[in-house]
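Some notes on the structure that comes next.
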Amino acid sequence: ITAENITFNGNGFWIASGQNVSGIYSNKFNTTVRHANISMGIGTDGNGINLVSGANNATIFNNTFGSQFRGILLTDVRSSVFERNNFSYSCKNCYAIFTINASFNNFTLNVLNGTNQTTHGFLLRDGSNNNILQSNIGRMEIGIGIGSLNSSHNRFFLNIGISRNTSCITHTDVNNITIISDNGTATGGDGSINSHHGIRLFNVSDSTFTSITASSNSSSGLSIQDSSNNTFNLAKGVSNVSGGIRVENSSNIVFTNNT
């Protein structure tokens, strides 16, 4: 897309290729993509929709994504909306939605389904701050459903992460996040005791967690490690083999009305 204020309506048709290129690429303001089906290559640079610096105020609505290296890749994109997109893919080491330094965006009602080892759902990383994720579902065979890394001030509401062999919802090296009513369920397919939590927090600080539920068949439901200055209210941790809530090497962790 080479001009501002462009709407691409796929009308249910496919953009499909085995090449490791982007199906739709934009660096232009106010790009809209709706009702498209997209499947590109599974190697590096095989992206369904690739939005880069300049593509602010984008709307990505009601699209379907097959297997590709990144379903949606955002780099330096702000103030955009991603709603009601569906992802179904099986390629190894692929992500449905992957962001780098993307801020003030809203992700709502997206469904992410991965059916292969180390296939991941949603990852906010490297300066992706002040985003809102609400009512998204990340359902993985072996991979992270929803996660954030090296970011801050993101807000998560009513998201669901499910994984058979990896921690479902993970937040690593983040601060000042707010999570309300997220639910992570690790079904523990390989029986590992140490790896698979419903929600895993590592080096998380100055954050608030309210009415979250974390469950696991193979480890602690909620794992908090190397973290500080966090508040948990009405948090629920459930495990069949370990403690429901596990805290390690952490300080100033406040629990209120938790089970």
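Residues take their numbers from the sequence shown, with the count starting at 1.
Annotation for I160: hydrophobic cluster partners, listed by chain and number, are I137, I162 (ILVMFWY side-chain heavy atoms under 4.5 Å, direct or chained).
When each of T75, N150, N105, T99 is checked for a side-chain hydrogen bond (donor to acceptor under 3.5 Å, both in side chains) with S128, only T99 meets the rule. None of H35, R34, E83 except one satisfies the side-chain hydrogen bond (donor to acceptor under 3.5 Å, both in side chains) rule with N62; the exception is H35.
Taking I144 as the reference, H120, T166, T170 meet the side chain to side chain contact (heavy atoms under 4.5 Å, CB included) condition, with sequence neighbours excluded. Scanning for ring-ring contact (aromatic ring centres under 6.0 Å, His included) contacts around F98 gives Y95, with sequence neighbours left out. Scanning for side chain to side chain donor-acceptor pair (under 3.5 Å) contacts around S80 gives an empty result, with sequence neighbours left out. With sequence neighbours excluded, the residues satisfying side chain to side chain donor-acceptor pair (under 3.5 Å) with D76 are N101. For S26, the side chain to side chain donor-acceptor pair (under 3.5 Å) partners at least two apart in sequence or on another chain are T31. In this view, E4 satisfies the salt bridge (Lys or Arg N to Asp or Glu O under 4.0 Å) rule with no residue, not counting sequence neighbours.
At distances below 3.5 Å, at least one donor-acceptor pair connects side-chain atoms of D182 with backbone N or O atoms of L158. Judged purely by atom type and a 3.5 angstrom limit, N130 has no side-chain atom pairing as donor or acceptor with the backbone of F104. Side-chain N or O atoms of S163 include one that pairs as donor or acceptor with a backbone N or O of G143 at under 3.5 Å.
Between the CG atom in N159 and the CG atom in L133 there is a gap of 5.5 Å [rounded to 0.5 Å]. Within the model, atoms CG of N249 and CG of D226 stand 5.0 Å from one another, a figure rounded to the nearest 0.5 Å.
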| said: Please determine whether side-chain hydrogen bond (donor to acceptor under 3.5 Å, both in side chains) holds for the pair N131 and N154, giving the CA-CA distance in whole Å, both sets of side-chain angles, and the decisive distance to 0.1 Å. | reply: CA-CA 5 Å; N131 298 286; N154 294 304; 3.1 Å; yes

Under 3.5 Å, side-chain donor or acceptor atoms of residues 40-60 against the rest of the protein: list the pairs with distances, not counting sequence neighbours.
from	atom 1	to	atom 2	distance (Å)
N50	ND2	S22	OG	3.4
N56	OD1	R78	N	2.8
N57	ND2	N30	OD1	3.3

Run the side-chain donor-acceptor check on residues 228-235: report pairs under 3.5 Å with partners two or more places apart or on a different chain.
from	atom 1	to	atom 2	distance (Å)
N229	OD1	N252	ND2	3.0
N230	OD1	D206	N	3.2
N230	OD1	S207	N	2.9
N230	ND2	V204	O	2.8
N230	ND2	S228	O	3.2

Please table the atom pairs, donor to acceptor, closer than 3.5 Å between any side-chain atom in residues 8-17 and protein atoms at least two apart or in another chain.
from	atom 1	to	atom 2	distance (Å)
N9	OD1	N11	N	2.9
S17	OG	Q19	N	3.0

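F69 approaches N93 most closely through the heavy-atom pair CE1-O, 3.7 Å. Minimum interatomic distance between S216 and S220 (heavy atoms only, all atoms of both residues): CB-O, 3.8 Å. The minimum heavy-atom distance linking S250 with Q225 is given by the pair OG-C, 3.6 Å. Scanning both residues, R139 and V111, for their nearest heavy atoms gives NH1-CG1, 4.5 Å.
Using a 4.5 Å heavy-atom cutoff, the side chains of F65 and I72 are in contact.
Every pair passing ring pair (Phe, Tyr, Trp, His ring centres under 6.0 Å) that includes a residue from residues 130-164 is listed here, sequence neighbours excluded: F156-H171. Pairs engaging residues 247-259 under the salt bridge (charged side-chain N to carboxylate O under 4.0 Å, His left out) rule: R246-E248 [sequence neighbours left out].
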